[in-house]
Amino acid sequence: MIVVDTNVIAYLLLPGELSSRADALYAKDPEWAVPIFWRSEFRNVLAGYLRRGTITFDDVVKVQSEAEALVAGNEHEVGSRRVLELVRDSGCTAYDCEFVALAMQLEVMLVTMDKKILKAFPKQAASLRAQ
């Protein structure tokens with residue numbers, strides 16, 4: 001099991017530069033965990049694709065459904081205090097610290113492409129490029 005940030009899910013389900021890396025990561029470890037709020041973040045990613053006309057509304061709905069199925073059973077609550085401690089100590093956003101807190105809670109790695117997270121939490125976070 002690993003924790004992945006929302007963009008890693010997007011890289012897996014939407015064609016792009018890092019899709020092959022996300023595919024390889026999923027083949028290596030298909031049990032992906034996320035904090036509960038990831039759905040809103042992912043919807044926002046899909047909204048950008050929809051606004052740019054990159055994919056159709058029907059495709060957006062399909063991809064959202066696929067993403068939800070991908071992490072079904074592995075959506076977790078994280079403690080507010082822990083998230084806020086990580087924010088205080090790192091300067092990262094609360095959104096980003098939710099992923100870090102979950103990785104710490106589950107005692108697994110967080111896979112991300114977020115440079116700020118990678119710099120602030122080198123023992124807890126690994127780059128998708130390194131996978």
Side-chain angles (χ1 to χ4, degrees):
M1 175 186 287
I2 55 173
V3 173
V4 295
D5 74 11
T6 303
N7 286 321
V8 174
I9 296 171
Y11 299 141
L12 180 71
L13 299 177
L14 298 161
E17 174 188 340
L18 294 171
S19 293
S20 63
R21 296 270 186 184
D23 290 340
L25 179 65
Y26 188 72
K28 180 179 166 185
D29 189 343
E31 190 174 359
W32 289 8
V34 291
I36 294 290
F37 95 100
W38 80 275
R39 289 176 186 233
S40 293
E41 209 173 45
F42 193 72
R43 287 182 199 116
N44 198 47
V45 169
L46 292 175
Y49 278 81
L50 189 59
R51 274 192 233 92
R52 288 187 301 275
T54 308
I55 58 177
T56 67
F57 178 78
D58 289 340
D59 287 339
V60 163
V61 172
K62 180 182 175 206
V63 170
Q64 180 68 40
S65 179
E66 290 172 359
E68 291 173 10
L70 178 79
V71 296
N74 279 323
E75 296 172 278
H76 302 270
E77 291 282 344
V78 292
S80 295
R81 181 180 179 90
R82 185 64 181 135
V83 171
L84 294 171
E85 288 170 347
L86 294 171
V87 168
R88 176 196 64 204
D89 297 342
S90 70
C92 291
T93 68
Y95 301 118
D96 291 341
C97 288
E98 287 218 18
F99 291 94
V100 177
L102 179 59
M104 290 175 168
Q105 179 179 309
L106 298 175
E107 298 179 352
V108 299
M109 291 299 293
L110 163 63
V111 178
T112 182
M113 285 299 296
D114 188 297
K115 291 176 184 166
K116 198 167 187 179
I117 293 174
L118 291 166
K119 183 177 180 184
F121 301 100
K123 292 181 180 176
Q124 200 65 57
S127 171
L128 176 60
R129 289 193 192 278
Q131 300 304 305

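Residue T112 holds its OG1 atom at 8.0 Å from CZ of F99, rounded to the nearest 0.5 Å. The CD1 atom of I2 lies 6.5 Å from the CD atom of Q131; values are rounded to the nearest 0.5 Å. The distance from the CG atom of D96 to the OG atom of S90 is 8.5 Å, given to the nearest 0.5 Å.
Applying the 6.0 Å contact sphere to CZ of R52 captures more than 12 heavy atoms from other residues, nucleotides or ligands. By the 6.0 Å contact criterion, CD on E85 is enclosed, its count of non-hydrogen atoms from other residues, nucleotides or ligands being greater than 12.
A donor-acceptor pair under 3.5 Å is absent between the side-chain atoms of E98 and the main chain of S80, judged by distance alone. Checking side-chain atoms of K116 against main-chain N and O of T93 turns up no donor-acceptor pair under 3.5 Å. S19 places a side-chain N or O within 3.5 Å of a backbone atom of Y11 that can act as its donor or acceptor partner.
In terms of heavy-atom proximity, M109 sits nearest to A103 at C-CB, 4.1 Å. For E41 against Y95, the heavy-atom pair with the smallest separation is OE2-CB, 4.1 Å. Nearest heavy-atom pair across V83 and A101 is CG2-CB, 4.0 Å. For the residue pair Y26 and L70, the shortest heavy atom distance occurs at CE1-CD1, 3.3 Å. Contact detail for G79 and Q105: the closest heavy-atom pair is N-OE1, 4.5 Å. Contact record, D5 with M113: OD2-N, 4.0 Å, taken as the closest heavy-atom pair.
Note on V61 and I55: same hydrophobic cluster, where clusters join Ile, Leu, Val, Met, Phe, Trp and Tyr whose side-chain heavy atoms are under 4.5 Å apart, directly or indirectly. A chain of hydrophobic side-chain contacts below 4.5 Å, direct or via other Ile, Leu, Val, Met, Phe, Trp or Tyr residues, connects M104 to M1. No continuous path of ILVMFWY side-chain contacts below 4.5 Å connects L118 to V8, so the two sit in separate hydrophobic clusters. Hydrophobic clustering of Ile, Leu, Val, Met, Phe, Trp and Tyr side chains at less than 4.5 Å, counting indirect connections, keeps L84 apart from V100.
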**Message:** Test side chain to side chain contact (heavy atoms under 4.5 Å, CB included) on V3 and W32; report intermediate values, then the result.
**Reply:** CA-CA 6 Å; V3 173; W32 289 8; over 6 Å; no
**Message:** For a side chain to side chain contact (heavy atoms under 4.5 Å, CB included) check, start with the C-alpha distance between L18 and R129, then their side-chain angles and the critical distance, and finish with the verdict.
**Reply:** CA-CA 8 Å; L18 294 171; R129 289 193 192 278; 3.4 Å; yes
**Request:** Give the intermediate values and the outcome of side chain to side chain contact (heavy atoms under 4.5 Å, CB included) for residues L13 and E66.
**Result:** CA-CA 8 Å; L13 299 177; E66 290 172 359; 4.1 Å; yes
**Asked** N7 and L128: side chain to side chain contact (heavy atoms under 4.5 Å, CB included), yes or no, with the steps?
**Response** CA-CA 10 Å; N7 286 321; L128 176 60; over 6 Å; no
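The side-chain heavy atoms of F121 and L110, taken from C-beta on, include no pair separated by under 4.5 Å. Between R43 and Q64 the shortest side-chain heavy-atom distance falls below 4.5 Å. Residues L14 and L46 have side chains in contact (heavy-atom distance under 4.5 Å, counting atoms from C-beta outward). In this structure the side chain of T6 never reaches within 4.5 angstrom of the side chain of V34, judged on heavy atoms.
A cation-pi arrangement, defined by a distance under 6.0 Å to the six-membered ring centre and an angle within 45 degrees of its axis, is absent between R39 and F37.
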